[in-house]
Number of protein chains: 2
Amino acid sequence: MKNYRNLLEESNLKTTPQRLAILKELDKQGHASIEEIYESIKEMFPSISLATIYKNINALKEEDVISEICLHHKPKFEIKKEPHAHFVCKKCGKVEDIPFNEIINEEIDKKYPNSQKELYIYGICKSCGNGNS
Amino acid sequence: MKNYRNLLEESNLKTTPQRLAILKELDKQGHASIEEIYESIKEMFPSISLATIYKNINALKEEDVISEICLHHKPKFEIKKEPHAHFVCKKCGKVEDIPFNEIINEEIDKKYPNSQKELYIYGICKSCGNGNS
DNA sequence: TTCTGTGCAAATCTTTTGCATGGCA
DNA sequence: TGCCATGCAAAAGATTTGCACAGAA
């Protein structure tokens with residue numbers, strides 16, 4: 001993936017250590033909530049403020065650097081990438097990205113042109129589904 | 001559709017005027033937020049409390065009478081029905097239910113058995129897309 | 001040097017909780 | 001009558017805002 005600095009330089013946002021840390025965290029976790037980002041960054045960066053996370057998440061969303069998703073109806077964020085669906089394991093909570101074309105009929109794009117799709121599949125992942133409770 | 005009273009009698013919840021009003025409102029609006037439900041019911045039922053709406057929405061969700069969805073990443077609720085996707089018009093905000101089988105490949109259920117799906121399509125509806133700005 | 005970003009504290013939602021009273025079964 | 005539900009007020013959580021200072025370009 002592109003480095004985080006480039007993502008910011010291509011947007012209208014200045015590069016700051018806080019923003020780099022947020023992007024790095026999102027990249028590492030894949031999908032994270034405000035609180036998860038905050039808790040994790042605070043360890044490396046104790047002076048960071050929750051308000052800064054909120055402001056930056058909103059700014060990054062505005063600039064289309066990241067996108068918001070709703071896992072179990074709670075807001076999470078991820079670095080923007082090709083449109084994809086999310087598989088969420090109901091047991092272990094693991095989240096996997098799935099390419100849309102594996103799931104959605106082709107005709108859908110003709111039927112609903114210029115549309116954005118959001119798809120979540122809540123099921124049991126392979127590791128959880130092997131007979132072990 | 002089934003009358004609201006039956007929906008409650010089949011659950012573990014007592015029938016109350018407030019609950020009937022919430023279900024009626026959801027049925028009428030199709031999809032509504034807590035605040036929308038509250039504002040609307042308050043007109044007919046001025047003494048109702050926001051806390052009552054919250055408690056009942058949670059109870060009804062728990063009993064599987066209603067389900068939660070996220071439109072534009074904001075929580076909304078609808079009376080439980082056959083699983084379906086949601087089409088949301090980006091211009092007028094109208095929400096339409098779409099049967100899953102019109103959209104999703106059959107194989108998906110083999111690939112992800114016992115899974116629940118949530119699909120949102122954000123596009124332009126027919127009335128908004130006819131050339132009129 | 002300029003302008004935007006940060007961090008703090010306060011303000012503003014949003015949602016939940018506890019408790020006394022009211023109402024369904 | 002016995003419980004559960006309601007409504008109020010307070011508490012708790014989540015998010016936004018204002019402002020002085022710091023830091024990127």
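Below, chain A is the first sequence line, B the second, and so on; all start at residue 1.
Between B/K55 and B/T16, the residue anchored nearer the 5' end of DNA chain C, judged by the nucleotide with its closest heavy atom, is B/K55. Comparing B/T15 and B/Y54 by the nucleotide of DNA chain C whose heavy atom lies nearest to each, the residue mapping closer to the 5' end is B/Y54.
Checking the phosphate oxygens (OP1, OP2) of D/dG7, a side-chain nitrogen or oxygen of B/S47 falls inside 4.0 Å. Contact check, B/Q18 against D/dG7: a side-chain N or O comes under 4.0 Å of OP1 or OP2. The phosphate of D/dT16 (OP1 or OP2) has a side-chain N or O of A/N58 nearer than 4.0 angstrom. Distances shown here put every side-chain N or O of A/S49 at or beyond 4.0 Å from the OP1 or OP2 atom of C/dC8.
Note: CG (A/L60) to P (C/dG5) measures 10 Å, nearest angstrom. Rounding to whole angstrom units, CD of residue A/E36 and C1' of D/dA14 are separated by 15 Å. The CG atom of B/L20 sits 15 Å away from the P atom of C/dG23 (whole-angstrom rounding). Rounded to whole angstrom, the span from the CD1 atom of B/I48 across to the P atom of C/dG23 amounts to 14 Å. Counting to the nearest Å, the P atom of C/dT15 and the CD1 atom of B/I34 are 6 Å from each other. Between the P atom of D/dA5 and the CD1 atom of B/I57 lies a distance of 15 Å, rounded to the nearest Å. Distance A/K74 NZ to D/dA14 P: 9 Å, rounded to the nearest Å. Atom pair B/L50:CG and D/dA12:C1' shows a separation of 16 Å (rounding to whole Å applied).
The side chain of B/R19 lies closest to D/dT6 when the candidates are C/dC8, D/dT6, C/dT14. Closest to the side chain of B/P17, out of C/dT6, D/dT16, C/dC24, is C/dC24. For B/K14, counting side-chain heavy atoms from C-beta on, the closest listed nucleotide (D/dA25, D/dG7, C/dA25) is C/dA25. Of the candidates D/dT15, D/dT6, C/dG7, D/dT6 carries the atom nearest the B/N56 side chain, counting heavy atoms from C-beta on. Between C/dT17, D/dA25, D/dT16, one nucleotide has an atom nearer to the side chain of A/A51 than all others, and that is D/dT16.
Of the charged side-chain nitrogens involved, at least one lies within less than 4.0 Å of a carboxylate oxygen, so that A/K42 and A/E39 count as a salt-bridged pair.
With hydrogens and angles disregarded, no donor-acceptor distance shorter than 3.5 Å links the side chain of A/E78 to the backbone of A/H31.
The aromatic rings of B/Y120 and A/Y120 stand perpendicular to each other, their planes meeting at an angle above 60°, with 30° marking the opposite boundary.
In this structure, B/R19 and B/V65 have side chains that are not in contact, with every pair of non-hydrogen atoms separated by 4.5 Å or more.
Side-chain heavy atoms closer than 4.5 Å link hydrophobic residues (I, L, V, M, F, W, Y) into clusters, and following such links, possibly through other members, connects A/F77 to A/L20.
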